[in-house]
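See structure below.
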Amino acid sequence: MSQLYSQSQSGASGSHVQLQSRLHGLRTSIQSIGDVADDTVRACTAAALDLEELGDSERVAEIDASLRKLIDAQYRLDLERSLVTRLATQLDSLDNVEAEYLSSWEQGMSEYQALDDSGKYGRNEKYRDFRQQLWDLTHEGEPMPSLFGDGGGNEEDEDLVIAGARINYRCPVTTSWLVDPVTSKTCKHSFSREAILDYIRGHGGGCACPVGGCSRRIRPQDLYPDKVLERKVARHLRQLESEETAAQYTVVQ
């Protein structure tokens with residue numbers, strides 16, 4: 001009997017180890033899908049800006065609707081990742097992992113579906129940034145109106161504020177205007193591509209973010225080309241040039 005009990009416990013332990021391994025693999029896969037979703041949002045934003053400049057409001061609205069669907073899907077991914085992470089640490093204390101998972105999943109989805117558009121999208125960082133970029137294309141310097149009656153957003157002259165991180169149009173490494181800008185996935189700070197890559201190489205291939213007060217580490221693989229920011233920098237420089245030309249003309253007059 002003792003031997004049978006021991007074998008039973010060993011089998012249960014082995015099953016838990018196997019399940020934990022599978023849960024870890026699932027969590028990694030979900031993270032990878034989330035990274036792809038982030039890349040898709042950036043591509044959607046760049047495409048929408050091109051269409052907005054062409055005056056194709058219908059196609060922009062289609063991208064807006066697709067982005068909302070993507071945000072819905074990403075919520076499900078985040079919920080899945082949260083549940084998998086929690087269950088992986090509670091296998092020994094749960095009698096029925098499947099029942100716990102289904103119950104928590106249904107609760108999380110019910111809470112999300114009960115939200116209005118303001119709750120789902122108006123406070124979503126990616127969606128607000130998407131709408132802010134579109135607004136700035138033709139209303140730079142003006143505060144963006146409320147999206148869903150949730151208070152709207154507001155930006156200063158040279159800064160784009162995203163989730164507490166401030167992205168300036170000047171590179172923190174060179175203090176010059178951003179050139180071929182890249183943005184860190186870990187802390188959202190942006191840099192001129194060659195400047196930050198040289199900085200990272202000079203610090204052994206990985207280092208703390210050079211922005212003062214930021215403790216996040218950055219590596220080359222953490223950086224992505226920020227075409228939207230590149231567009232904003234170019235537009236800002238054109239605006240400065242236009243203002244300088246107008247000022248010189250006024251002086252001559």
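What you see is a predicted model, and the numbers here were worked out from it, not measured in a lab.
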Task: Side-chain donor-acceptor pair present, Asn96, Glu100, cut-off under 3.5 Å - done: no
Task: Value rounded to 0.5 Å, distance of CG in Leu237 from CH2 in Trp177 - done: 6.0 Å
Open item on the list: Between Arg59 and Glu52, is the salt bridge (charged side-chain N to carboxylate O under 4.0 Å, His left out) condition met? List the steps.
Closed with: CA-CA 9 Å; Arg59 296 288 297 279; Glu52 184 75 9; over 6 Å; no
TODO: Give, for atom OG1 of Thr45 and atom CG of Leu49, the distance between the pair rounded to the nearest 0.5 Å.
DONE: 6.5 Å
Open item on the list: Which residues pass the side-chain contact (heavy atoms from CB on, under 4.5 Å) test with Leu102, not counting sequence neighbours?
Closed with: Glu98
Please list, one pair per line, the donor and acceptor atoms closer than 3.5 Å that link side chains of residues 60-70 to other protein atoms, with sequence neighbours excluded.
| from | atom 1 | to | atom 2 | distance (Å) |
| --- | --- | --- | --- | --- |
| Asp64 | OD1 | Arg68 | NE | 3.2 |
| Asp64 | OD1 | Tyr127 | OH | 3.1 |
| Asp64 | OD2 | Tyr127 | OH | 2.9 |
| Ser66 | OG | Glu62 | O | 3.1 |
| Arg68 | NE | Tyr127 | OH | 3.4 |
| Arg68 | NH1 | Asp117 | OD2 | 3.4 |
| Arg68 | NH2 | Tyr127 | OH | 3.2 |

TODO: Quick one: pull up OG in Ser82 and CD in Glu80 and give me the separation to the nearest 0.5 Å.
DONE: 10.0 Å
Task: Residue pairs, two or more places apart or on separate chains, that pass ring pair (Phe, Tyr, Trp, His ring centres under 6.0 Å) and touch residues 54-106 - done: Tyr75-Tyr112
- [ ] Could you list all the ring pair (Phe, Tyr, Trp, His ring centres under 6.0 Å) pairs where at least one residue sits in residues 198-222, not counting sequence neighbours?
- [x] Tyr199-His203
Task: Distance (rounded to the nearest 0.5 Å) between Lys188 NZ and Thr183 OG1 - done: 8.5 Å
Task: Distance (rounded to the nearest 0.5 Å) between Gln132 CD and Lys232 NZ - done: 7.0 Å
- [ ] Determine whether the side chains of Ser118 and Arg123 contain a donor N or O and an acceptor N or O closer than 3.5 Å.
- [x] yes
Task: Pairing residues for Asp50 by the salt bridge (Lys or Arg N to Asp or Glu O under 4.0 Å) criterion, not counting sequence neighbours - done: Arg231
Open item on the list: For a quick test of reading the model, state the closest non-hydrogen atom pair linking Ile71 to Lys120 and the distance between them.
Closed with: CG2-O, 4.0 Å
Task: CD/Glu243: more than 12 non-hydrogen atoms of other groups inside 6.0 Å - done: yes
- [ ] List in chain and number order the residues that pass side-chain contact (heavy atoms from CB on, under 4.5 Å) with Gln221, two or more places apart in sequence or in another chain; answer none if no residue qualifies.
- [x] Arg219
Task: Asp78-Gln74 side chain donor-acceptor pair, cut-off 3.5 Å - done: no
TODO: First locate atom CG of Leu178, then atom CD1 of Ile196, and finally report the distance between them rounded to the nearest 0.5 Å.
DONE: 11.0 Å
